[in-house]
Amino acid sequence: MYYDFKEIEKKWQKKWLATGAFRASCDQKRKKYYLLEMFPYPSGKIHMGHVRNYTIGDVASRFKSLEGYNVMHPMGFDAFGQPAENAAIKNKTKPADWTHKCIKEMETELKKMGFSYDWEREISTCDSDYYKWNQWIFLKMFERKLAYKKASQVNWCPSCQTTLANEEVIEGGCWRCHTKVEQKELEQWYLKITEYKERLLEDLDQLKNWPPRVLAMQNNWIGKSSGVDIYFRLKGSDKTIPVFTTRPDTIFGATYIVLAPEHPLVKDLIKGNPQENTALEFIKKISGISKIVRSASDVKKEGVFTGSFAVNPVNNEEVPIWIADYVLMEYGTGAIMAVPTHDQRDFLFAKEHKLPMRIVIKPKDNPVNSAQELTEAYEGQGVQVNSGKFDGLPNEEAKIKIAQWMEEQAFGKIKTHWRLRDWLISRQRYWGTPIPIIYCPVCGVVPVPYQDLPVKLPADAPFTGEGGSPLGKVKKFVETKCPKCKKEAKRETDTMATFFDSSWYFLRFCSPGFDKAPFDVEEARYWMVVDQYIGGIEHAILHLLYSRFFTKFFQDLKMIDFTEPFDKLLTQGMVLKDGEVMSKSKGNIVDPDSMIKNYGADSLRLFILFAAPPETELEWDQRGLEGAFKFLNRVWRIQENLKNTGDPEILRSLHRTIKKVSEDFAGFKFNTAIASLMELTNSIYQLGCDKEIFSKLLIMLSPIAPHFCEELWEILGNKTSIFKSSWPKFDEKLLVEEKVELVVQVNGKLRSKIQVGRDITEDKLKELVLKDEKVASWLEGKSPKKFIVVPRKLVNIVI
RNA sequence: GCCGAAGUGGUGGAAUGGCAUACACGUCGGUCUCAAAAACCGAUGAGGGCAACCUCGUAAGGGUUCAACUCCCUUCUUCGGCACCA
């Protein structure tokens, strides 16, 4: 017979909810622990990814609570966004109705998993009580000129009919629908995240408990590169062309310069020259090629001569000016100095177009004397040559000296370029936070006054997915009065990107009902920072970077006194089926709901934690789930056969297990924690145990299989919840074995094992080991050269 | 190209200088049963040997060490991020 998981799970879920078992409140006397999992988009059904993410969080949360921490473990919904609009178009419903229905369904599913959320803190970003504060934050940023509007080339997804942030373009496609992203000239709202670039980069050092790859990704994305802007004078003109380089040490080797085809100076440079027509044709050709094709690394570098020359400021040498497709207008100054001897791209280009080369850095060993001998550019370290007064210096030293010298001579300026761009946040969509701005024909751009917030999203909008901001078609919404001059004015009709909503929700959880500010400063002082954050790696850049940015902004508003929101970050691996990510299109989805129906939530939780460590990918294994279920049944049967007295050997095992499981839980190594619980269970199953030992086993298992353990706990006669008990402590004395088994090696190879007392002296041990028959046969009468003893572990005899 | 992570039985994985393969899945054999399921017991890296045992074995090669999956060097492969970034 199997234990009745259906009844048991229903019973305890009801009880936990009725007693408010996981309600958290500020208590200065107790140490707090804020555990947060990335909140979901309410699609209606939870998938295995959610199950894994939230199970990891739930176990950690329940464990910390048993350890005595005041734990906050909230849940909410990232409820604005495009799927609601798409679903509404398809089903002819309203996005709000669809979203609320999905939230209801999802709450039910999460409750069925037995997660220990404080449901009283639940938030939905689509509630005006929430998005009002998005608008408030936007206005604060607007006041500080961190929110601004500008016209420029923007990423446009033709399928979603909206703009996208740089972070939302993945491999040239829309992050949501993968449609190829186009460029469009539009006037849009931006957040000046670049204002925070130095802090966003430097503070990565504080994040000691983040996975290295996430730090690396953020580092890459911010993309700092230090170098020099060098001013080349245009021959026969007083105009200068700044070029950016990270290698000022190679300036004496610059034999030509190259501009991006879109560079504003290009037209002047080619005008009237014999090369004009060829150049214009080339520019036209390049402008027709999309950025993605152009940036593919295997494409041959093409370019043309402009017919003009520039003067290298360090040696007054005249160098030809070229245009080439491999120079990008978006980076640096849109122009480079080419040093073919020390840059591989320049080398290939110079070979192709027969441009001059000059060596300026020689490696210590095997130096090449003439540029003709080079088969590739030398990009390594060496000593300066052909570099005027810098000859003989190691190039790393020259890099600094030349840069400083150029700045003194006004040949250039030391400069840092960044990859990070400002964050485009306006979207031409309906289901999002209205941007609180009014356009007045007299006063211009006017922010909505704070007391008029929220600017509510109208319940109805004629959206069809066919372009244009849907809010623009709602007269009642658009037409308003200017807050300043009270004349007729129009509202902004774009809404905010949904990543705005999730950039500060972790603060809202501290005081979800607070109505005077986005969050109660006092509550946040107690609960923040988030001690443990758990979520998918797909948010390594987007959400985590934006949240760090907002946190620094709140710090500048003096609302908080920390700089980073998340202390520890765990990025859980994906759940795979047959080696592939589960997806609807592949038809390889395993539905959590049917697994709960057949084996119970506790078995599902147990399996998903046991099958792999949290960070690595997890291969779904139906038989593994059955194995988890079998294990729980085994534990159940122990309860039916409890003895009155405990076995001393079992007691020892128990204390070893407590030590191991405590360490493993603290380090999020649930798979090995479960393995040792299984080992203990196996020996108890054979030797039996008493109620006291069994109770401790149950407490250790309870974070993983909460319903199951609550039920057995009650059967044992306890009147209060197992989660009101405390985590067992191990007795150091019981970890010590009187007799230990020692491994005996000869020349590092295992040859024998002997039983000895734990405190045996080295001399006595030596005597015993040499007497051992197996050892003696390996020694063949030779006397040992060396005798290595690792106490209570191993002996190695070297002969 | 730069940066990051990883590579261990048939499978998921364990061991972070000291018994390689814990725990589980699978497979095989057995107990119980009219039979099956469940449950229980046992075997299970490869090769050799009747056996006691022996040899090999953690992507490949080299090094450090009494001792290396673990540390160092070189190389290969896989995954992820950035990238004609000057």
Side-chain angles (χ1 to χ4, degrees), chain A residues 1-2 170-171 211-225 227-228 243-247 250 257-258 260 294-302 324-328 330-339 342-346 348-349 379 417-419 537-538 540-541 571 576 606-607 610-613 615-628 630-631 633-634 637 669 671-679 681-682 685-686 741-753 774 777 784-790 792-799:
Chain A
M1 273 310 286
Y2 302 118
I170 312 292
E171 286 175 356
R213 63 170 168 164
V214 176
L215 297 174
M217 281 159 83
Q218 295 228 347
N219 205 338
N220 277 342
W221 189 261
I222 298 167
K224 179 180 183 174
S225 82
V228 185
V243 304
F244 177 66
T245 184
T246 53
R247 293 290 306 272
T250 64
I257 68 173
V258 191
R294 205 175 131 186
S295 62
S297 53
D298 50 349
V299 172
K300 204 170 124 191
K301 300 170 193 359
E302 289 187 78
D325 56 356
Y326 76 96
V327 176
L328 307 174
E330 302 82 55
Y331 188 77
T333 60
I336 61 156
M337 63 171 198
V339 185
H342 304 294
D343 181 287
Q344 185 61 16
R345 284 159 310 168
D346 297 342
L348 293 174
F349 192 82
E379 295 179 341
H417 284 273
W418 303 76
R419 218 189 76 90
I537 186 71
E538 66 274 19
I541 297 174
T571 50
L576 308 180
L606 179 65
F607 163 72
F610 181 56
E615 298 89 347
T616 58
E617 288 179 334
L618 184 153
E619 175 67 31
W620 178 262
D621 178 7
Q622 189 65 30
R623 284 193 280 228
L625 176 61
E626 286 163 24
K630 255 162 66 178
F631 169 73
N633 279 292
R634 223 166 137 87
R637 285 195 299 272
K669 292 178 184 174
N671 55 333
T672 48
I674 292 168
S676 48
L677 287 172
M678 283 174 168
E679 278 179 80
T681 302
N682 288 346
Y685 198 79
Q686 289 179 335
E741 191 182 58
L742 278 193
V743 169
V744 184
Q745 297 182 332
V746 178
N747 281 342
K749 284 195 191 281
L750 171 73
R751 294 305 180 195
S752 181
K753 289 177 184 183
K774 285 176 192 160
S777 76
K785 238 193 253 171
K786 217 170 172 184
F787 206 82
I788 292 145
V789 179
V790 182
R792 293 189 268 285
K793 260 191 184 156
L794 159 148
V795 178
N796 189 13
I797 306 162
V798 187
I799 52 169

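So you know, we letter chains A, B, ... as the sequences are listed, proteins then strands, and number each from 1.
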Distances for protein N/O vs nucleotides 2-8 of chain B N/O pairs under 3.5 angstrom?
unit_1	atom_1	unit_2	atom_2	d
B:rG4	O2'	A:Arg213	N	3.3

Practice item. Answer yes or no for A:Arg637 and A:Tyr685: cation-pi contact, defined as NZ/CZ to six-membered ring centre under 6.0 Å and angle to ring axis within 45°. Key: no
Point to revise | Between A:Asn682 and A:Arg634, a side-chain donor and acceptor under 3.5 Å | key: yes
Check your understanding: Checking all strands, does A:Glu617 fall into the base, sugar-phosphate, or nothing category for heavy-atom contacts under 4.0 angstrom?
Key -> sugar-phosphate
Revision key, fill the gap. Here RNA chain B, pairs taken as Watson-Crick or G-U under 3.5 Å and shown with ( ), [ ] when crossing and | when to another strand, reads (((((((..(((.....[....)))((((((.......))))))((((....))))..(((((..]....))))))))))))....
Review point. Within less than 4.0 Å of OP1 or OP2 of B:rC85, is there a side-chain N or O belonging to A:Arg345?
Key: yes
**Study point:** Qualifying residues under salt bridge (Lys or Arg N to Asp or Glu O under 4.0 Å), relative to A:Arg247, sequence neighbours excluded
**Key:** A:Asp249
Review point. When we call it a touch if two heavy atoms are under 4.0 Å apart, what does A:Lys753 touch: a base, just sugar-phosphate, or nothing?
Key: base
Point to revise | For A:Ser225, all residues meeting side-chain hydrogen bond (donor to acceptor under 3.5 Å, both in side chains), sequence neighbours excluded | key: A:Tyr331
Study note, to complete from the structure: Here the residues of residues 792-799 of chain A within 4.0 Å heavy-atom distance, strictly under, of RNA chain B are A:Lys793, A:Leu794, A:Asn796, A:Val798
Practice item. Using the P atom as the reference point in each nucleotide, state the distance between B:rC54 and B:rU8 in Å, no decimals. Key: 28 Å
Practice item. With P as the reference atom in both, quote the distance from B:rA39 to B:rA52 in angstrom, rounded to an integer. Key: 33 Å
Practice item. Could you run through nucleotides 39-54 of chain B and give me one letter per nucleotide, 5' to 3': B if any protein heavy atom sits under 4.0 Å from the base, S if only the sugar-phosphate is that close, - if neither? Key: SSS-----------SS
